[in-house]
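Okay, structure first, notes after.
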Amino acid sequence: LAVKMDESKIIRKCAACNAKKSRNELIKITADKNKEVRIMPDSSFCGRSVYLCKDAECIQKAFKKGRLYKILKIKPDETLEEKIRTVLEN
């Protein structure tokens with residue numbers, strides 16, 4: 001018998017500011033084994049993931065010194081920060 005977890009009770013940590021928040025308060029960025037990056041993927045998408053606060057300052061901090069790229073183990077992509085900001089605005 002499968003028990004469904006309450007999404008609001010799953011706690012994750014922001015990679016930029018280290019704040020602990022519920023998963024639905026954060027932006028999830030995942031890179032699969034082919035280095036394809038998805039922003040806010042559904043739970044069936046597997047790969048290396050990082051969570052960020054829905055805050056412009058945290059997004060900027062995550063890209064500073066390449067922290068986000070190191071965690072996801074991907075090469076720098078100038079368009080990724082803009083894509084994340086677009087998701088944040090919607």
Side-chain angles (χ1 to χ4, degrees):
L1 184 69
V3 177
K4 187 168 175 132
M5 292 265 320
D6 183 4
E7 288 286 319
S8 65
K9 293 184 181 178
I10 299 172
I11 303 297
R12 296 288 185 253
K13 188 167 73 169
C14 173
C17 70
N18 292 322
K20 292 181 180 178
K21 297 184 178 185
S22 67
R23 190 164 75 177
N24 56 2
E25 293 181 88
L26 300 166
I27 297 171
K28 181 180 180 184
I29 300 136
T30 303
D32 67 7
K33 63 182 176 182
N34 298 322
K35 308 298 185 200
E36 179 186 343
V37 177
R38 291 194 190 177
I39 302 164
M40 301 292 282
D42 60 15
S43 59
S44 66
F45 188 74
C46 297
R48 296 187 64 82
S49 296
V50 64
Y51 290 86
L52 297 174
C53 293
K54 295 178 180 178
D55 176 90
E57 189 176 313
C58 280
I59 293 169
Q60 182 179 4
K61 195 173 179 179
F63 282 93
K64 194 174 184 177
K65 297 182 182 177
R67 181 181 291 178
L68 187 83
Y69 303 118
K70 288 176 190 173
I71 294 169
L72 294 176
K73 296 184 178 181
I74 59 172
K75 293 184 178 171
D77 176 4
E78 287 81 34
T79 63
L80 184 57
E81 185 174 1
E82 190 57 42
K83 289 176 187 174
I84 294 170
R85 289 184 188 280
T86 302
V87 169
L88 180 64
E89 291 170 1
N90 294 333

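- The environment of Lys35 atom NZ is dense: over 12 non-hydrogen atoms of other residues, nucleotides or ligands sit within 6.0 angstrom.
- Arg48 is linked by a side chain to side chain donor-acceptor pair (under 3.5 Å) to nothing, counting only residues two or more places apart in sequence or in another chain.
- Salt bridge annotation for Arg85-Glu89: absent, with no cationic side-chain nitrogen under 4.0 angstrom from a carboxylate oxygen.
- Residues satisfying the ring-ring contact (aromatic ring centres under 6.0 Å, His included) criterion with Tyr51, sequence neighbours excluded, are absent altogether.
- Scored by the side chain to side chain donor-acceptor pair (under 3.5 Å) test, Asp77 finds Thr79 as partners (sequence neighbours excluded).
- Between the CG atom of Leu52 and the CZ atom of Arg67 there is a distance of 9.5 Å, given to the nearest 0.5 Å.
- For the atom pair CG (Asn24) and CE (Met40), the distance works out to 9.0 Å, reported to the nearest 0.5 Å.
- In this view, Arg38 and Glu36 satisfy the side chain to side chain donor-acceptor pair (under 3.5 Å) rule, not counting sequence neighbours.
- Leu26 and Ile71 are not part of a single hydrophobic cluster, where members link through side-chain heavy atoms under 4.5 Å apart.
- Across all their heavy atoms, Asn18 and Lys13 have their closest contact at O-CG, 3.4 Å.
- Each side chain to side chain donor-acceptor pair (under 3.5 Å) pair with one or both residues in residues 25-34, not counting sequence neighbours, appears once here: Ser22-Glu25, Thr30-Ser49.
- The minimum heavy-atom distance between Cys58 and Cys53, with the atom names listed, is SG-CB, 3.7 Å.
- Judged as a ring pair (Phe, Tyr, Trp, His ring centres under 6.0 Å), the pairs with a partner in residues 55-90 (not counting sequence neighbours) are, in order, Phe63-Tyr69.
- Of the residues Thr86, Val87, Leu88, Leu80, the one that meets the side-chain contact (heavy atoms from CB on, under 4.5 Å) test with Ile84 is Leu80.
- Separating the CG atom in Asp55 from the SG atom in Cys14 is a distance of 8.0 Å, to the nearest 0.5 Å.
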